[in-house]
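Right, one structure below, let's go through it.
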4 protein chains.
Amino acid sequence: MRRPQIGIMGSSEADANQMMIAKHAGACVARVGAALVTGGRDGVMQAASRGCAEAGGIVIAVTPFTPMEQVNEFTHYVIPTGLGWARNVITAISGDIILVVGGAAGTLSEIAYAWMYDRPIVALSASGGWAAKLAGERIDHRRSDVIVDCKDVEALEPILRKLLAERPVKTIPPVGPDAP
Amino acid sequence: MRRPQIGIMGSSEADANQMMIAKHAGACVARVGAALVTGGRDGVMQAASRGCAEAGGIVIAVTPFTPMEQVNEFTHYVIPTGLGWARNVITAISGDIILVVGGAAGTLSEIAYAWMYDRPIVALSASGGWAAKLAGERIDHRRSDVIVDCKDVEALEPILRKLLAERPVKTIPPVGPDAP
Amino acid sequence: MRRPQIGIMGSSEADANQMMIAKHAGACVARVGAALVTGGRDGVMQAASRGCAEAGGIVIAVTPFTPMEQVNEFTHYVIPTGLGWARNVITAISGDIILVVGGAAGTLSEIAYAWMYDRPIVALSASGGWAAKLAGERIDHRRSDVIVDCKDVEALEPILRKLLAERPVKTIPPVGPDAP
Amino acid sequence: MRRPQIGIMGSSEADANQMMIAKHAGACVARVGAALVTGGRDGVMQAASRGCAEAGGIVIAVTPFTPMEQVNEFTHYVIPTGLGWARNVITAISGDIILVVGGAAGTLSEIAYAWMYDRPIVALSASGGWAAKLAGERIDHRRSDVIVDCKDVEALEPILRKLLAERPVKTIPPVGPDAP
C-alpha cells in the first residue's frame, strides 16, 4: 500500500536556473507517480513543491521548525521536526530516490546521509552547487555505484522510471530495536 | 493547500480493547477529512492505520528505523528517521491534534512533547495506560487547557470536528533560524 | 578509564526550595566521585551545576542550543545539540544514574526516556513537580523496579553510593549498527 | 569556568597512517590545554582519544549508541545519543575548533555541519579522505574563511594555539527559545 516517494534536496536560496530545474524535477516526480518529499522551505524546496503540486502530485515537507503552519504553500502534508538542521538526516532518507539541485552545505550534509543510508542519488548537474561537484562521483568506498549525473532535466524522467522499476515498493515488518 | 493532520500515539504492544479503540479512532480521522500520522509500527499504530486506510484516509508514518520498507502495511507514506525513540518528539508534533490510545513510556514521552509544543491532546481514556492516567489533567502550568478526556470512542468525531474548526489550516512563511 | 556520571533533570524555572535541593544534589554528585550531567540552562540545572562545581566536581552540559558559549557559568564542558527540546532524550540517558528535581513537561519527557533506556532513576520528592508525582512509581511494565523515592536530600548520598556500587563503570566495544 | 574543547572527526575504519596522525592530533589537543571530543568509536576516534588521554588530557565521546558502556576505552566521559548517524550533527559542533582526519561519508556530514554552525575547521590533509579533498576549500558562500589545510601534524599545535587565542572561552546566558 506504500507509495513511491522521491526526495528533492537543495537550498532555500536559489537562482532562477535552479528554481526552473527544481520546478521541472518536481513535475517529473508527479509524472512518474511518486510523492515528493522536501525540506519545506523556500528556494529549491518551494520550486520543486510547486512543480509537483501543479502537476497533480502529492508533496510532503519535513521542516526544521516546530509549527505545523511554517511550510511553503505548495505542501500538502507537513512533518515538523524541531531539530534545526539536524532534520537533514531525515529529508535525506525519506525517499526511494534522492534528487539534488544545486546545493550549499546543508545539501552536502544530505548527500552524505543519503549515501550512508544507501539511497540512490541523482544530481541535476546543470544546477551547479554540490550537485555539479559530486555528479558522477562516489562519496566513499562503501558503495560501488556513483551519484548519477543527470545533465539535462529532460533526461530525468526515464532515469527515475528505471530506478523505480528496479525498486518495487514494499513493506517489511516494523519490528526490531528502536534504538542503536 | 496544506491538509489537516491528526496524530495517534500508542504502544506497539496493545491488547484487543486498545486495538479496537485505535481502529475506530483511525477511521474517525479519515471521516473528519484529516490525514493520520503514526509511528509506523505494530499495535496501536497498526490498528489506527488500518482503520484510517480502510475508511479511505491517508496514513503517514514517522518511524524510528532507517529503511523505507520498515513500516506497517496500512501506511501510504513513510518518513524514516533513524533516530530510535528520539523520533517520538516528531510524531508528537506532526498533527494539528494529537490522540492518545493506551500508552507506555514511549507514549508518555509523546504526551510530554505534544504538551510542550502546544498541540491539542485528546486521550481516549477507555484504553487505559497513560491515556487514562492523564485524561482531564494538565501536564504543567504553561498551558491553561487540559488533556481532553474522551471516554467513549463514539464521542470522538464531534470533538475532532470542533478542534479542527477552531484551527483553520494555514501556512506561514518557512523562514527564520534553522536552529535553536 | 570511563568515570561515573550522574544526571540531574529539572526545570529552567525553579523555586527557592527546588534550587536548594538541586544545589545539595549537585554537591552530593561531586562527593560520590561522579561527574554531573545537566541540560546546561538556568533553574535546577544551574543550581545543580553550582553545587557540583563548588564541591570540586566536573560538570558537563548537553544544551538545546548550537553555540558553545550558551550555557550556565558553572559548566566545565558543553555539548551543544541544536535539537531544541529533542535534546532531552540525550540528557536523560547521559548518566549511570538519573536524578529528578521538581519538573515540568520537559522533565517528564526525560523521566520517560530514562525509563525506556533503562537508567536507574531517583526522584527527590520533596522538590514537588513530576519528581513528587512519580516517586515510588513504575512508568510501565517493562521494568520491575520503581523510581526511587528519596524524600530527603540528606538521604541521597548513600542511595547514590549503593547504586554506583551495583554498577561498576566499564566499557564494551563501540561497534555495531550505527542506526536503528 | 568553561574549558576549551576541540573535536576530532574521522572514520571508525582507518589505516595506519590515519591512526598515527589521529594519535598525534589527540596528544596535541591535550598539550594546548583543551578537552577532546570524539564520536567514541574505533579507528580515528580511538587513536585520537588514546593520544589525548596518554598525554594527560580529558576525552569526551558523543556516541550513536544508547548504553553508557559502549565507547572506546580511552574515553573519560560519554554522552550516548541513541541517534545513529544523526549524532554527527552534535559531534560536529561540540568543539571550539573541529579537526578532520581522513574521513568517509560520515565525516563529510560532520564537515558540512561544522561549516553551517560556524566552527573553525582544520583538515589534516596528509591523512587523505575528505580531509585531503576539502583542505583549503570553502564549502559554500556563507563563510569567507576556508577549511585550514594543515599538511603536517607537526604544524598543528601552533595552528590550534592561534585559533584558541582568537576565541577566548566564555559563556552567555542559556536562555532563549528551546526550539526552532
Side-chain angles (χ1 to χ4, degrees), chain C residues 1-5 12 35 37 39-42 45-46 53 58-87 89-91 93-96 106 113 117-119 167 169-180, chain D residues 1-5 12 35 37 39-42 45-46 53 58-87 89-91 93-96 106 113 117-119 167 169-180:
Chain C
M1 206 170 80
R2 193 167 81 70
R3 300 172 183 176
Q5 294 169 217
S12 59
V37 178
R41 298 185 69 203
D42 289 334
M45 295 170 260
Q46 186 193 43
I58 289 291
V59 180
I60 303 170
V62 179
T63 77
F65 311 114
T66 64
M68 296 293 289
E69 294 78 15
Q70 203 169 355
V71 70
N72 75 58
E73 69 271 35
F74 301 104
T75 298
H76 298 94
Y77 302 114
V78 60
I79 305 295
T81 67
L83 300 180
W85 285 324
R87 76 85 157 75
V89 65
I90 304 176
T91 46
I93 65 172
S94 289
D96 296 284
Y113 277 121
Y117 285 124
D118 214 25
R119 300 296 188 272
R167 283 164 186 74
V169 169
K170 60 175 183 178
T171 58
I172 59 175
V175 293
D178 265 310
Chain D
M1 208 169 79
R2 192 167 81 71
R3 299 171 184 177
Q5 294 170 215
S12 59
V37 178
R41 299 184 68 203
D42 288 335
M45 296 170 259
Q46 186 192 44
I58 289 290
V59 181
I60 304 170
V62 180
T63 76
F65 310 115
T66 65
M68 296 293 290
E69 293 78 14
Q70 203 169 354
V71 69
N72 74 59
E73 68 272 35
F74 302 105
T75 299
H76 299 94
Y77 302 114
V78 60
I79 306 294
T81 68
L83 300 180
W85 285 323
R87 76 84 156 78
V89 65
I90 304 176
T91 46
I93 64 172
S94 291
D96 295 284
Y113 277 122
Y117 285 124
D118 214 24
R119 299 297 188 272
R167 284 163 186 74
V169 170
K170 60 175 182 177
T171 58
I172 58 175
V175 292
D178 265 311

Reported CD-to-OG1 distance for the pair C:Glu73 and D:Thr171, which is rounded to 0.5 angstrom
6.0 Å
Chain D shares the most heavy-atom pairs under 4.5 Å, among C:Val59, C:Thr63, C:Asp42, C:Val62, with C:Asp42
For D:Pro173, is it the side chain, the backbone, both or neither that has a heavy atom under 4.5 Å from a heavy atom of chain C?
backbone
Below 4.5 Å from any heavy atom of chain D, which atoms of C:Val71 appear? Answer side chain, backbone, both or neither.
both
Do C:Ile58 and D:Ile58 come within less than 4.5 Å of each other through their side chains, counting heavy atoms only?
no
Rounded to the nearest 0.5 Å, what's the gap from CG on C:Asp96 to CD on D:Glu69? Could you check?
7.0 Å
Among C:Met45, C:Arg119, C:Arg3, single out the residue with the greatest number of heavy-atom pairs under 4.5 Å to chain D.
C:Arg3
Quick one: are C:Ile60 and D:Ile79 in side-chain contact, heavy atoms under 4.5 Å?
yes
Closest heavy-atom contact between C:Ala35 and D:Tyr77?
CB-CE2, 3.5 Å
Let me confirm one number: the OG1-CZ distance from D:Thr75 to C:Arg2, rounded to the nearest 0.5 Å.
9.5 Å
Tightest non-hydrogen contact, residues D:Arg41 and C:Pro174, listed as NE-O, 3.4 Å
Quick one: CG on C:Asp118 to CE on D:Met68, what's the gap to the nearest 0.5 Å?
13.0 Å
Rounded to the nearest 0.5 Å, how far does CG of C:Leu83 lie from CZ of D:Arg87?
13.0 Å
When the 4.5 angstrom heavy-atom criterion is applied to D:Val78 and chain C, the contacting part is both
Spacing of CD1 belonging to D:Ile90 relative to CD1 belonging to C:Ile90, to within rounding of 0.5 Å:
3.5 Å
